[in-house]
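In this text the structure is predicted, and so the values were computed from the model without any measurement. Order of the sequence lines sets the chain letters (A, B, ...), proteins ahead of strands, with each chain counted from 1.
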2 protein chains.
Amino acid sequence: MNIGEAAALASLPPKTIRYYEEIDLIHPARAGNGYRDYSETDIHRLQFLQRARSLGFTIEECRMLLSLYEDEHRASADVRAVAMEKIGEVDRKIAELRSMKATLTRLVDSCHGDARPDCPILEDLAGGTAVCGGHR
Amino acid sequence: MNIGEAAALASLPPKTIRYYEEIDLIHPARAGNGYRDYSETDIHRLQFLQRARSLGFTIEECRMLLSLYEDEHRASADVRAVAMEKIGEVDRKIAELRSMKATLTRLVDSCHGDARPDCPILEDLAGGTAVCGGHR
DNA sequence: CATGCACCTTCCAGCAGGTGGAAGGTCAAG
DNA sequence: CTTGACCTTCCACCTGCTGGAAGGTGCATG
């Protein structure tokens, strides 16, 4: 199966699939004409990657999950630990975004928002106490 | 004032401050020895940038906010519009993260997490059709 | 058979927003 | 005079792709 069809089945752009090959996440066969030739197993792997990426796992985490997936003797606790760590990360990001939103909302509420030049938002950015949690 | 001191006052790494200069967000003077020499105004600008970045504004948005900040005839409504658009973005990101978290939590809850190899998390990532551990 | 078009290939460049390190200049203390 | 903390520039690298150029392939239509 050509890359275009594989892309449709996995809901991934062809470019992304080639990129995944470049970083050794997948190794499709080649047809006689040089085209990549994806097997059912390859499609499965790509779908696995698409789902894991959409859940927020990084490429390296996907690599780990794939190797766990293909290890007959893995412990489910190992997979669970990866997922729980990811939940923690997602929680931290949510908290940070909520803090950002609270500050932005306060700024917007304090701004009259008309044609006058005086603006509490800019005043706050220029010297207020708007530091709300590091974002890095 | 040298870059190190400016960095401390603005809560930004020196590398980042040099980067901001490279992309024309700031233009410090130079001392006789070639060192960058930051004025009070420069520090102010850097602090403005640090706060705006920590609120999630992109570099280009920061550039716009800075030019609004320095425009005596701006309308506060313009600034308010930028901030409100950013609130919308933050909201969208929060919603997406909450959806991720819900799925991850469901997966983790369904996984016994012991030494056995069967794992609902991997089964779900694989599409629910594959037998866990029987792959390849 | 030519033509056109969609598809495939490789390779190179670039996005945001920095970070790391090498190689070297400067300055104050001991 | 030496040490160490600064500072300088420059170049490469990070994540996770994405865009585009230049060219090969496959198939339908005229």
Nearest-Å distance, CD (E21(B)) to C1' (dC10(D))? 14 Å
Phosphate-side-chain proximity, T16(A) and dT18(D), N/O vs OP1/OP2 below 4.0 Å: yes
Between dA16(C) (C1') and L25(B) (CG): distance, integer Å: 13 Å
Does N33(B) make a side-chain N or O approach to OP1 or OP2 of dT8(D) shorter than 4.0 Å? no
Less than 3.5 Å between a donor and an acceptor, one on the side chain of Y35(A) and one on the base of dG26(D), is that the case here? no
Would you confirm whether R74(A), through its side chain, and Y69(A), through its main-chain N or O, come within 3.5 Å as a donor-acceptor pair? yes
Spacing of R30(A) atom CZ relative to dT25(D) atom P, expressed in whole Å: 14 Å
Rounded distance in Å - CG (D37(A)) to C1' (dC7(C)): 15 Å
For the hydrophobic clusters of this structure (ILVMFWY residues joined by side-chain heavy atoms under 4.5 Å, transitively), does one cluster hold both I26(B) and Y35(B)? no
When all nucleic acid strands are considered with a 4.0 Å heavy-atom cut-off, which category describes P14(A): base, sugar-phosphate, or nothing? nothing
P13(B) side chain, from C-beta outward: closest of dT26(C), dT19(C), dG16(D): dT19(C)
Heavy-atom closest contact (A7(A) atom, P13(A) atom, distance): CB-C, 4.3 Å
Need to verify one output field. Residue with the more 5' nearest nucleotide on DNA chain D, R53(A) or R36(B)? R36(B)
Rounded distance (Å) that lies between atom P of dT19(C) and atom CD1 of I3(B): 12 Å
Of all the nucleotides listed (dG18(C), dT8(D), dC17(D)), which has the minimum atom distance to the side chain of R18(B)? dT8(D)
Are the charged groups of D124(B) and R106(B) less than 4.0 angstrom apart, N to O? yes
If you look at every strand shown and take non-hydrogen atoms under 4.0 Å, does I23(A) touch a base, only sugar-phosphate, or nothing? nothing
State whether the distance check finds a donor on one side and an acceptor on the other, under 3.5 Å, for side chain K15(B) versus base dG17(C). no
What integer distance in Å separates Y19(A):OH from dG19(D):C1'? 16 Å
Whole angstroms only, please: what is the CD-P distance between E22(A) and dA13(C)? 14 Å
Round to a whole Å and report the spacing from CD of E60(A) to C1' of dT15(D). 10 Å
Expected output: side-chain R80(B) to main-chain C111(A) donor-acceptor under 3.5 Å: yes
